[in-house]
Amino acid sequence: MRGDNEQQAGMYSYISPEQRVPADHPLRPIRKMTDEIFKQLSPRFDALYARLGRPSIAPEKLLRALLLQVLYSVRSERLLMEQLQYNLLFRWFVGLTMDDSVWVPTVFTKNRERLIEHDAVVALFNEVLAEADSKGWLSGEHFSVDGTLIQAWAGHKSFVRKDGDDDGDGTDFRGQKRSNETHESTTDPDARLYRKGNTASELRYMGHTLSDNRHGLIANARVTHADGHAEREAAKAMIVDAVQAAPEDARVTLGADKGYDAAEFVEALQEMKVVPHIAQNNSGRRSAVPDDVAKSEGYAISQQKRKRIEQGFGWGKFVGPIRQVMVRGLERVDQIFVLTMTGYNLVRMRTLGLLAASGQLRPQET
């Protein structure tokens, strides 16, 4: 017997979003981890908001929504709000009931700016890292560093002379000599015209990460202006933080590619008592990395492990939003980059948790 095709909507629903999400869905371990982390961050969130007045978006829900945008490659906040209207999986992860209204995109953006202003994203990144450390997934001693280019949300036509002496509107710049000293983007003044290797000159930022060699988790992340010295300067700043957090008797090592093989950088590491496991650059020059270090067993391991750091960049550009960011300004780009690396860590920690539960992971594996 053929069934009826009537589509009368029911007035009530007795099944919650929690019941509709499969028990083995990949988001469940991530939701569980973030719930525990947000409990630790609750006192910090309390300090961000006034005791009286109109309630704003709960910071926990706001951060979960931003994580969803990274994890599911949602290209804009307007589209994210549209998905939250009808996507039950998204509503469950954020913490919305079936009847809760979804925020207006401009309100969501304004509340996001508040979190950026108070470094809530950085606090979330640090708590995720602390959770990984509590499970023994970080060595705390052996690290790798690298950088990647991030295309800014600005075009060549916006790159005009600072003194305003351009002839025309910037659309025809063939044959003109342009540099960051004399020109800047009117769309995003923090972006820099930069090229690396065989790539074309584009308006860019530079993202940097410090990864822990044990399981490839990102231990530090930041964005700087794009220039020829940014990678090494950012690396020094990040490894300083790692050295301060390491035990006093730790023998900290830092792996990197040939671009970091500079005498000034190696000397700075040695002053910090960090062993430079940097790939030697012997092309027409003498490497700054001591030969006795390069011949050690630990050096060979670091050179093998350091390639894991590229996985974070690849995930962030293929799944996440950092191939070309859709925000402007160094501070906003930095927050998006840190949030993306937070998402990457959560995905990797979910996998590590499954392996540990099945007995396939040794906690102290280095």
Side-chain angles (χ1 to χ4, degrees), residues 29-30 33-34 36-37 40 121-148 207-223 231-232 234-257 260 265 269 272-279 293 296-316 320 322 337-356 360-366:
I30 295 178
M33 283 188 286
T34 55
E36 293 299 320
I37 288 168
Q40 303 296 325
V121 173
V122 175
L124 174 62
F125 177 87
N126 291 336
E127 287 297 329
V128 169
L129 208 61
E131 177 71 12
D133 191 31
S134 68
K135 297 181 181 297
W137 293 339
L138 299 176
S139 70
E141 298 181 16
H142 308 296
F143 301 94
S144 297
V145 69
D146 206 354
T148 188
H208 314 270
T209 58
L210 183 79
S211 70
D212 189 278
N213 285 354
R214 176 166 291 171
H215 293 297
L217 294 171
I218 304 301
N220 203 326
R222 63 188 61 195
V223 171
E231 285 186 305
R232 293 194 290 270
K236 286 189 284 187
M238 291 189 293
I239 197 62
V240 164
D241 293 342
V243 170
Q244 292 176 347
E248 292 185 4
D249 58 345
R251 188 172 183 267
V252 178
T253 66
L254 181 66
D257 59 34
Y260 293 83
F265 181 68
L269 293 182
M272 290 184 278
K273 297 182 179 180
V274 175
V275 183
H277 285 179
I278 300 168
V293 172
S296 65
E297 182 182 358
Y299 178 88
I301 296 174
S302 290
Q303 286 301 302
Q304 181 184 18
K305 296 279 190 177
R306 73 174 176 83
K307 298 175 183 177
R308 288 180 176 177
I309 199 170
E310 298 290 349
Q311 296 176 10
F313 294 145
W315 187 91
I322 64 170
F337 186 75
V338 173
L339 182 69
T340 301
M341 292 302 112
T342 303
Y344 173 75
N345 278 348
L346 286 170
V347 170
R348 200 163 181 87
M349 288 165 61
R350 177 194 64 197
T351 304
L352 292 173
L354 294 175
L355 292 175
Q360 301 179 51
L361 185 69
R362 292 178 296 173
Q364 299 303 322
E365 180 185 357
T366 304

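When a residue number appears, it is its place in the shown sequence, counting from 1.
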Atom pair CD1 (Ile309) and CG (Leu217), whose distance is rounded to the nearest 0.5 Å: 11.5 Å
Partners passing salt bridge (charged side-chain N to carboxylate O under 4.0 Å, His left out) against Glu36 (at least two apart in sequence or in another chain): Lys39
Ring pair (Phe, Tyr, Trp, His ring centres under 6.0 Å) against Tyr299, all qualifying residues, sequence neighbours excluded: His277
For Gln311, all residues meeting side-chain hydrogen bond (donor to acceptor under 3.5 Å, both in side chains), sequence neighbours excluded: Arg348
Residues forming a ring pair (Phe, Tyr, Trp, His ring centres under 6.0 Å) with Phe337, sequence neighbours excluded: none
All side-chain hydrogen bond (donor to acceptor under 3.5 Å, both in side chains) counterparts of Glu127, not counting sequence neighbours: none
Pairwise distance CG(Asp257) to CD(Gln303) - rounded to 0.5 angstrom: 8.5 Å
Under the side-chain contact (heavy atoms from CB on, under 4.5 Å) test, residues paired with Leu355 that sit two or more places apart: Thr351, Gln360, Leu361
Residue pair Asn220, Phe143: steps toward the side-chain contact (heavy atoms from CB on, under 4.5 Å) verdict: CA-CA 10 Å; Asn220 203 326; Phe143 301 94; over 6 Å; no
Distance (rounded to the nearest 0.5 Å) between Ile37 CD1 and Thr342 OG1: 9.0 Å
All pairs passing side-chain hydrogen bond (donor to acceptor under 3.5 Å, both in side chains) where residues 242-255 contributes a residue, at least two apart: His142-Thr253
Any residue meeting side-chain hydrogen bond (donor to acceptor under 3.5 Å, both in side chains) with Asn345, in chain and number order, not counting sequence neighbours: none
Sequence-distant partners of Arg222, salt bridge (charged side-chain N to carboxylate O under 4.0 Å, His left out), two or more places apart: Asp241
Any residue meeting side-chain contact (heavy atoms from CB on, under 4.5 Å) with Val121, in chain and number order, not counting sequence neighbours: Leu63, Gln335, Val338, Leu339
Contacts of type salt bridge (charged side-chain N to carboxylate O under 4.0 Å, His left out), residue Asp133, not counting sequence neighbours: none
Ser211: partners by side-chain hydrogen bond (donor to acceptor under 3.5 Å, both in side chains), with sequence neighbours left out: none
